[in-house]
Number of protein chains: 2
Amino acid sequence: MDDLDWKLLALLQCNGRMTYTELARQVGLSVPAVTERVRRLEDAGVIEGYAAHINASAAGYVVTALIAITVQQPAKAKFLRLLETIPEVLECHHVTGADSYIMRLVAASMADLERLIGRINLYGETRTSIVMSTPLPARPLQPPPTAAKRR
Amino acid sequence: MDDLDWKLLALLQCNGRMTYTELARQVGLSVPAVTERVRRLEDAGVIEGYAAHINASAAGYVVTALIAITVQQPAKAKFLRLLETIPEVLECHHVTGADSYIMRLVAASMADLERLIGRINLYGETRTSIVMSTPLPARPLQPPPTAAKRR
DNA sequence: GCTGAAACGTCGGAGCT
DNA sequence: AGCTCCGACGTTTCAGC
(Lines give C-alpha, C1' and ligand atoms only; values in the text may rest on other atoms or scores of the structure.)
Protein backbone atom coordinates (compact mmCIF):
# COMPACT_ATOMS: atom_id res chain seq x y z
CA MET A 1 0.00 0.00 0.00
CA ASP A 2 2.06 2.91 -1.25
CA ASP A 3 1.01 6.37 -2.38
CA LEU A 4 0.00 5.13 -5.82
CA ASP A 5 -2.33 2.55 -4.35
CA TRP A 6 -4.00 5.26 -2.29
CA LYS A 7 -4.28 7.46 -5.35
CA LEU A 8 -6.02 4.63 -7.17
CA LEU A 9 -8.32 4.05 -4.18
CA ALA A 10 -9.19 7.74 -4.08
CA LEU A 11 -10.05 7.75 -7.77
CA LEU A 12 -12.09 4.56 -7.59
CA GLN A 13 -13.99 5.75 -4.54
CA CYS A 14 -15.02 8.88 -6.46
CA ASN A 15 -15.77 7.09 -9.70
CA GLY A 16 -16.05 3.33 -9.44
CA ARG A 17 -16.56 2.98 -13.19
CA MET A 18 -13.38 4.73 -14.22
CA THR A 19 -11.59 2.74 -16.94
CA TYR A 20 -8.09 1.36 -16.44
CA THR A 21 -6.92 3.57 -19.26
CA GLU A 22 -8.17 6.67 -17.47
CA LEU A 23 -6.77 5.50 -14.11
CA ALA A 24 -3.40 4.94 -15.75
CA ARG A 25 -3.47 8.40 -17.25
CA GLN A 26 -4.28 9.99 -13.89
CA VAL A 27 -1.58 8.23 -11.88
CA GLY A 28 1.05 8.29 -14.61
CA LEU A 29 1.51 4.53 -14.92
CA SER A 30 0.94 2.12 -17.78
CA VAL A 31 -2.33 0.28 -18.12
CA PRO A 32 -0.94 -3.18 -17.20
CA ALA A 33 0.68 -1.76 -14.08
CA VAL A 34 -2.59 -0.20 -12.96
CA THR A 35 -4.59 -3.32 -13.76
CA GLU A 36 -2.20 -5.37 -11.69
CA ARG A 37 -2.33 -2.99 -8.72
CA VAL A 38 -6.11 -2.84 -8.70
CA ARG A 39 -6.31 -6.63 -8.97
CA ARG A 40 -4.02 -6.93 -5.93
CA LEU A 41 -6.12 -4.49 -3.95
CA GLU A 42 -9.20 -6.53 -4.78
CA ASP A 43 -7.53 -9.82 -3.91
CA ALA A 44 -6.23 -8.39 -0.63
CA GLY A 45 -9.79 -7.43 0.28
CA VAL A 46 -8.98 -3.74 0.45
CA ILE A 47 -11.47 -3.16 -2.35
CA GLU A 48 -14.53 -5.12 -1.28
CA GLY A 49 -16.51 -4.31 -4.38
CA TYR A 50 -18.08 -1.64 -6.50
CA ALA A 51 -21.58 -0.27 -6.10
CA ALA A 52 -23.91 2.24 -7.67
CA HIS A 53 -25.00 4.78 -5.07
CA ILE A 54 -28.76 5.32 -5.17
CA ASN A 55 -30.56 8.44 -3.98
CA ALA A 56 -33.31 7.05 -1.75
CA SER A 57 -35.67 9.98 -2.11
CA ALA A 58 -35.32 10.04 -5.90
CA ALA A 59 -36.16 6.34 -5.77
CA GLY A 60 -39.43 6.90 -3.93
CA TYR A 61 -38.40 6.63 -0.30
CA VAL A 62 -39.55 9.58 1.78
CA VAL A 63 -37.64 8.89 4.97
CA THR A 64 -34.24 7.65 6.04
CA ALA A 65 -33.84 6.81 9.72
CA LEU A 66 -31.12 5.64 12.04
CA ILE A 67 -32.48 3.36 14.74
CA ALA A 68 -30.69 2.19 17.85
CA ILE A 69 -32.04 -0.78 19.75
CA THR A 70 -31.24 -2.69 22.92
CA VAL A 71 -31.83 -6.41 22.50
CA GLN A 72 -31.46 -9.04 25.23
CA GLN A 73 -28.72 -11.53 24.44
CA PRO A 74 -30.98 -14.60 23.93
CA ALA A 75 -33.15 -12.76 21.40
CA LYS A 76 -30.32 -11.46 19.23
CA ALA A 77 -30.20 -14.30 16.72
CA LYS A 78 -33.94 -14.16 16.15
CA PHE A 79 -33.79 -10.38 15.87
CA LEU A 80 -31.18 -10.59 13.12
CA ARG A 81 -33.29 -13.13 11.25
CA LEU A 82 -36.15 -10.65 11.37
CA LEU A 83 -33.98 -7.89 9.93
CA GLU A 84 -33.04 -10.14 7.00
CA THR A 85 -36.69 -10.23 6.02
CA ILE A 86 -37.14 -6.45 6.00
CA PRO A 87 -35.65 -5.01 2.79
CA GLU A 88 -36.01 -1.45 4.09
CA VAL A 89 -33.28 -2.17 6.66
CA LEU A 90 -30.21 -1.30 4.62
CA GLU A 91 -27.49 -2.05 7.15
CA CYS A 92 -27.07 -3.00 10.77
CA HIS A 93 -24.08 -2.75 13.07
CA HIS A 94 -23.44 -4.51 16.38
CA VAL A 95 -22.06 -1.84 18.68
CA THR A 96 -20.65 -1.16 22.12
CA GLY A 97 -22.43 1.12 24.57
CA ALA A 98 -25.98 1.25 25.82
CA ASP A 99 -27.39 0.09 22.48
CA SER A 100 -26.99 -3.37 21.01
CA TYR A 101 -27.47 -2.49 17.36
CA ILE A 102 -27.64 0.60 15.22
CA MET A 103 -29.29 0.28 11.83
CA ARG A 104 -30.04 2.46 8.85
CA LEU A 105 -33.35 2.07 7.13
CA VAL A 106 -35.61 3.77 4.62
CA ALA A 107 -39.40 3.95 4.38
CA ALA A 108 -41.78 4.91 1.60
CA SER A 109 -44.02 6.84 4.02
CA MET A 110 -44.37 7.77 7.67
CA ALA A 111 -47.01 5.07 8.01
CA ASP A 112 -44.52 2.52 6.72
CA LEU A 113 -41.88 3.80 9.10
CA GLU A 114 -44.29 3.35 12.00
CA ARG A 115 -45.12 -0.17 10.85
CA LEU A 116 -41.44 -1.09 10.51
CA ILE A 117 -40.59 0.25 13.96
CA GLY A 118 -43.55 -1.67 15.32
CA ARG A 119 -42.08 -4.92 14.03
CA ILE A 120 -38.57 -4.07 15.17
CA ASN A 121 -39.20 -2.97 18.72
CA LEU A 122 -40.82 -6.24 19.65
CA TYR A 123 -37.20 -7.11 20.40
CA GLY A 124 -36.28 -4.18 22.61
CA GLU A 125 -36.47 -0.48 23.23
CA THR A 126 -35.66 1.62 20.18
CA ARG A 127 -34.48 5.17 19.67
CA THR A 128 -35.29 6.55 16.23
CA SER A 129 -33.42 9.43 14.61
CA ILE A 130 -34.86 10.65 11.34
CA VAL A 131 -32.29 12.00 8.91
CA MET A 132 -33.25 15.57 7.96
CA SER A 133 -30.20 16.23 5.85
CA THR A 134 -26.70 14.96 5.29
CA PRO A 135 -24.31 17.91 5.61
CA LEU A 136 -21.35 15.60 5.04
CA PRO A 137 -22.17 12.90 2.51
CA ALA A 138 -20.03 9.77 2.14
CA ARG A 139 -16.43 10.83 1.74
CA PRO A 140 -13.55 8.76 0.35
CA LEU A 141 -11.36 6.93 2.84
CA GLN A 142 -7.91 8.49 2.93
CA PRO A 143 -4.58 6.95 3.95
CA PRO A 144 -4.31 6.65 7.75
CA PRO A 145 -1.63 8.96 9.24
CA THR A 146 0.66 6.12 10.31
CA ALA A 147 0.46 4.18 7.05
CA ALA A 148 1.57 7.11 4.94
CA LYS A 149 4.98 5.68 4.17
CA ARG A 150 4.24 1.98 4.52
CA ARG A 151 5.16 -0.39 1.71
CA MET B 1 -39.12 3.75 -13.04
CA ASP B 2 -40.47 0.40 -14.16
CA ASP B 3 -39.43 -3.11 -13.25
CA LEU B 4 -36.54 -3.07 -15.69
CA ASP B 5 -35.10 0.07 -14.14
CA TRP B 6 -35.22 -1.58 -10.74
CA LYS B 7 -33.58 -4.68 -12.14
CA LEU B 8 -30.77 -2.51 -13.49
CA LEU B 9 -30.47 -0.70 -10.16
CA ALA B 10 -30.28 -4.01 -8.33
CA LEU B 11 -27.52 -5.25 -10.62
CA LEU B 12 -25.53 -2.01 -10.45
CA GLN B 13 -25.81 -1.86 -6.67
CA CYS B 14 -24.29 -5.33 -6.46
CA ASN B 15 -21.66 -4.74 -9.10
CA GLY B 16 -21.09 -1.13 -10.05
CA ARG B 17 -18.58 -2.09 -12.72
CA MET B 18 -20.85 -4.44 -14.61
CA THR B 19 -20.57 -3.74 -18.33
CA TYR B 20 -23.53 -2.55 -20.37
CA THR B 21 -23.21 -5.72 -22.41
CA GLU B 22 -23.61 -7.87 -19.32
CA LEU B 23 -26.46 -5.71 -17.99
CA ALA B 24 -28.22 -6.04 -21.33
CA ARG B 25 -27.80 -9.81 -21.26
CA GLN B 26 -29.24 -10.04 -17.74
CA VAL B 27 -32.31 -7.92 -18.38
CA GLY B 28 -32.94 -9.16 -21.92
CA LEU B 29 -32.58 -5.82 -23.69
CA SER B 30 -30.17 -4.53 -26.30
CA VAL B 31 -27.06 -2.67 -25.25
CA PRO B 32 -28.18 0.79 -26.47
CA ALA B 33 -31.51 0.40 -24.67
CA VAL B 34 -29.73 -0.35 -21.42
CA THR B 35 -27.21 2.44 -21.92
CA GLU B 36 -30.06 4.89 -22.45
CA ARG B 37 -31.96 3.73 -19.35
CA VAL B 38 -28.90 3.96 -17.14
CA ARG B 39 -28.11 7.39 -18.50
CA ARG B 40 -31.64 8.53 -17.65
CA LEU B 41 -31.35 7.13 -14.13
CA GLU B 42 -28.10 9.03 -13.71
CA ASP B 43 -29.55 12.26 -15.12
CA ALA B 44 -32.64 11.95 -12.90
CA GLY B 45 -30.34 11.69 -9.88
CA VAL B 46 -31.54 8.23 -8.96
CA ILE B 47 -28.02 6.95 -9.50
CA GLU B 48 -25.84 9.45 -7.67
CA GLY B 49 -22.59 7.82 -8.65
CA TYR B 50 -20.44 4.73 -8.50
CA ALA B 51 -17.92 3.98 -5.80
CA ALA B 52 -15.40 1.35 -4.88
CA HIS B 53 -16.20 0.03 -1.42
CA ILE B 54 -13.10 -0.06 0.77
CA ASN B 55 -12.59 -2.35 3.75
CA ALA B 56 -11.44 0.05 6.46
CA SER B 57 -9.58 -2.55 8.53
CA ALA B 58 -7.76 -3.93 5.49
CA ALA B 59 -6.78 -0.33 4.75
CA GLY B 60 -5.19 0.15 8.16
CA TYR B 61 -8.03 1.54 10.24
CA VAL B 62 -8.54 -0.37 13.46
CA VAL B 63 -11.82 1.15 14.60
CA THR B 64 -15.08 2.29 13.10
CA ALA B 65 -17.36 4.31 15.38
CA LEU B 66 -20.77 5.91 15.24
CA ILE B 67 -20.88 9.12 17.23
CA ALA B 68 -23.94 11.10 18.20
CA ILE B 69 -23.55 14.67 19.36
CA THR B 70 -25.75 17.46 20.66
CA VAL B 71 -24.65 20.85 19.37
CA GLN B 72 -26.16 24.20 20.32
CA GLN B 73 -27.73 25.94 17.34
CA PRO B 74 -25.25 28.86 17.12
CA ALA B 75 -22.25 26.51 17.05
CA LYS B 76 -23.55 24.24 14.29
CA ALA B 77 -21.96 26.01 11.32
CA LYS B 78 -18.57 26.08 13.00
CA PHE B 79 -18.94 22.44 14.03
CA LEU B 80 -19.57 21.40 10.41
CA ARG B 81 -16.53 23.35 9.27
CA LEU B 82 -14.48 21.39 11.81
CA LEU B 83 -15.77 18.09 10.48
CA GLU B 84 -14.70 19.04 6.96
CA THR B 85 -11.14 19.21 8.18
CA ILE B 86 -11.15 15.73 9.74
CA PRO B 87 -10.77 13.12 6.99
CA GLU B 88 -11.58 10.30 9.41
CA VAL B 89 -15.18 11.54 9.61
CA LEU B 90 -16.68 9.69 6.68
CA GLU B 91 -20.25 10.96 6.83
CA CYS B 92 -22.48 13.06 9.03
CA HIS B 93 -26.25 13.30 9.23
CA HIS B 94 -28.40 16.02 10.77
CA VAL B 95 -31.11 14.19 12.68
CA THR B 96 -34.25 14.60 14.75
CA GLY B 97 -34.37 13.53 18.38
CA ALA B 98 -32.14 14.22 21.35
CA ASP B 99 -29.00 14.29 19.18
CA SER B 100 -28.15 16.97 16.63
CA TYR B 101 -25.84 14.92 14.42
CA ILE B 102 -24.85 11.32 13.96
CA MET B 103 -21.59 10.62 12.18
CA ARG B 104 -19.56 7.65 11.11
CA LEU B 105 -15.82 7.77 11.48
CA VAL B 106 -12.75 5.58 11.43
CA ALA B 107 -9.51 5.75 13.40
CA ALA B 108 -6.11 4.19 12.95
CA SER B 109 -5.78 3.47 16.67
CA MET B 110 -7.62 3.89 19.95
CA ALA B 111 -5.36 6.81 20.72
CA ASP B 112 -6.41 8.46 17.48
CA LEU B 113 -10.06 7.80 18.28
CA GLU B 114 -9.63 9.49 21.64
CA ARG B 115 -7.91 12.46 20.00
CA LEU B 116 -10.67 12.77 17.40
CA ILE B 117 -13.42 12.64 20.01
CA GLY B 118 -11.52 15.22 22.00
CA ARG B 119 -11.67 17.64 19.10
CA ILE B 120 -15.29 16.86 18.32
CA ASN B 121 -16.84 17.14 21.73
CA LEU B 122 -15.65 20.68 22.19
CA TYR B 123 -18.97 21.37 20.47
CA GLY B 124 -21.25 19.29 22.67
CA GLU B 125 -21.84 16.07 24.52
CA THR B 126 -21.06 12.96 22.50
CA ARG B 127 -22.13 9.35 22.70
CA THR B 128 -19.73 6.97 21.00
CA SER B 129 -20.70 3.52 19.76
CA ILE B 130 -17.83 1.41 18.49
CA VAL B 131 -18.76 -0.99 15.71
CA MET B 132 -17.85 -4.52 16.78
CA SER B 133 -19.28 -6.22 13.71
CA THR B 134 -21.74 -5.61 10.92
CA PRO B 135 -24.21 -8.52 10.88
CA LEU B 136 -26.09 -6.89 8.02
CA PRO B 137 -23.71 -5.16 5.59
CA ALA B 138 -24.95 -2.61 3.03
CA ARG B 139 -27.83 -4.11 1.15
CA PRO B 140 -29.23 -2.99 -2.22
CA LEU B 141 -32.19 -0.64 -2.17
CA GLN B 142 -35.27 -2.41 -3.50
CA PRO B 143 -38.40 -0.95 -5.10
CA PRO B 144 -40.68 0.61 -2.47
CA PRO B 145 -43.97 -1.29 -2.04
CA THR B 146 -46.13 1.49 -3.49
CA ALA B 147 -43.93 2.21 -6.51
CA ALA B 148 -44.07 -1.36 -7.74
CA LYS B 149 -46.27 -0.58 -10.72
CA ARG B 150 -45.32 3.04 -11.28
CA ARG B 151 -44.20 4.18 -14.70
C1' DG C 1 -36.49 0.05 -28.86
C1' DC C 2 -33.24 -2.38 -32.51
C1' DT C 3 -29.28 -3.09 -35.75
C1' DG C 4 -24.50 -2.52 -37.52
C1' DA C 5 -19.91 -0.58 -37.95
C1' DA C 6 -16.17 2.21 -36.27
C1' DA C 7 -13.59 3.65 -32.19
C1' DC C 8 -12.07 2.54 -27.92
C1' DG C 9 -10.88 -0.39 -23.86
C1' DT C 10 -9.41 -4.72 -21.96
C1' DC C 11 -6.71 -8.86 -21.39
C1' DG C 12 -3.44 -12.24 -22.71
C1' DG C 13 1.47 -13.32 -23.48
C1' DA C 14 6.48 -12.40 -24.86
C1' DG C 15 10.48 -9.92 -24.24
C1' DC C 16 13.01 -6.04 -22.22
C1' DT C 17 14.83 -2.19 -18.68
C1' DA D 1 8.13 -4.53 -10.22
C1' DG D 2 7.35 -1.94 -14.25
C1' DC D 3 7.22 -0.92 -19.38
C1' DT D 4 6.27 -1.76 -24.28
C1' DC D 5 4.46 -4.07 -28.17
C1' DC D 6 1.23 -6.98 -30.00
C1' DG D 7 -3.09 -9.22 -31.33
C1' DA D 8 -7.63 -10.88 -30.21
C1' DC D 9 -11.63 -10.04 -28.14
C1' DG D 10 -15.21 -7.40 -25.73
C1' DT D 11 -17.32 -2.96 -25.06
C1' DT D 12 -18.97 1.59 -26.10
C1' DT D 13 -20.76 4.94 -29.10
C1' DC D 14 -23.16 6.84 -32.82
C1' DA D 15 -25.47 6.70 -36.87
C1' DG D 16 -29.78 5.37 -39.12
C1' DC D 17 -34.14 2.77 -38.79
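The sequence lines fix the lettering, A, B, ..., with proteins before strands; numbering per chain opens at 1. The shown structure was predicted, so the numbers you read here are calculated from the model rather than taken from an experiment.
Take A:R104 and apply the salt bridge (Lys or Arg N to Asp or Glu O under 4.0 Å) test, not counting sequence neighbours, and it matches A:E91. A search for side-chain contact (heavy atoms from CB on, under 4.5 Å) contacts involving A:S100 returns A:T70, A:V71, A:K76, not counting sequence neighbours. Under the rule for a salt bridge (Lys or Arg N to Asp or Glu O under 4.0 Å), the partners of A:E22 that lie at least two apart in sequence or sit in another chain are A:R25. Annotation: salt bridge (Lys or Arg N to Asp or Glu O under 4.0 Å) contacts of A:R119 (sequence neighbours excluded): none. Under the ring-ring contact (aromatic ring centres under 6.0 Å, His included) criterion, B:Y101 pairs with B:F79, B:H94, not counting sequence neighbours.
Closest of all the heavy-atom pairs between B:A58 and A:A44 is CB-O, 4.5 Å.
Within the structure, salt bridge (Lys or Arg N to Asp or Glu O under 4.0 Å) pairs that include any residue of residues 124-142 of chain B comprise B:D99-B:R127 (at least two apart or interchain). Pairs passing the ring-ring contact (aromatic ring centres under 6.0 Å, His included) check and including a residue from residues 23-65 of chain B, sequence neighbours excluded, do not occur. Legend: ring-ring contact (aromatic ring centres under 6.0 Å, His included) pairs involving residues 22-46 of chain A, not counting sequence neighbours: none detected. Counting only residues at least two apart or on different chains, the salt bridge (Lys or Arg N to Asp or Glu O under 4.0 Å) pairs with a member in residues 27-43 of chain B are B:D2-B:R37, B:D5-B:R37, B:E36-B:R39, B:E36-B:R40, B:R39-B:D43.
Counting non-hydrogen atoms under 4.0 angstrom, A:R39 reaches nothing in the nucleic acid.
Note on the helix from C:dG1-D:dC17 to C:dT17-D:dA1: angle between the axes of the first and last five pairs equals 40°, rounded to 10 degrees.
Here D:dG10 presents its P atom at 17 Å from CG of B:L23, a figure rounded to the nearest Å. Note: CZ (B:R25) to P (D:dG10) measures 13 Å, nearest angstrom. Rounded to whole angstrom, the span from the CZ atom of B:R37 across to the C1' atom of D:dT13 amounts to 19 Å. Going from atom CD of A:E36 over to atom P of D:dT4 covers 16 Å, rounded to whole Å.
The side-chain heavy atoms of B:W6 and B:P140, taken from C-beta on, include no pair separated by under 4.5 Å.
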Can you check each nucleotide of nucleotides 5-17 of chain C against protein heavy atoms at under 4.0 Å and return B for base, S for sugar-phosphate only, - for none, in 5' to 3' order? ----SSS------
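At a non-hydrogen distance threshold of 4.0 Å, nothing from residues 43-53 of chain B comes into contact with DNA chain D.
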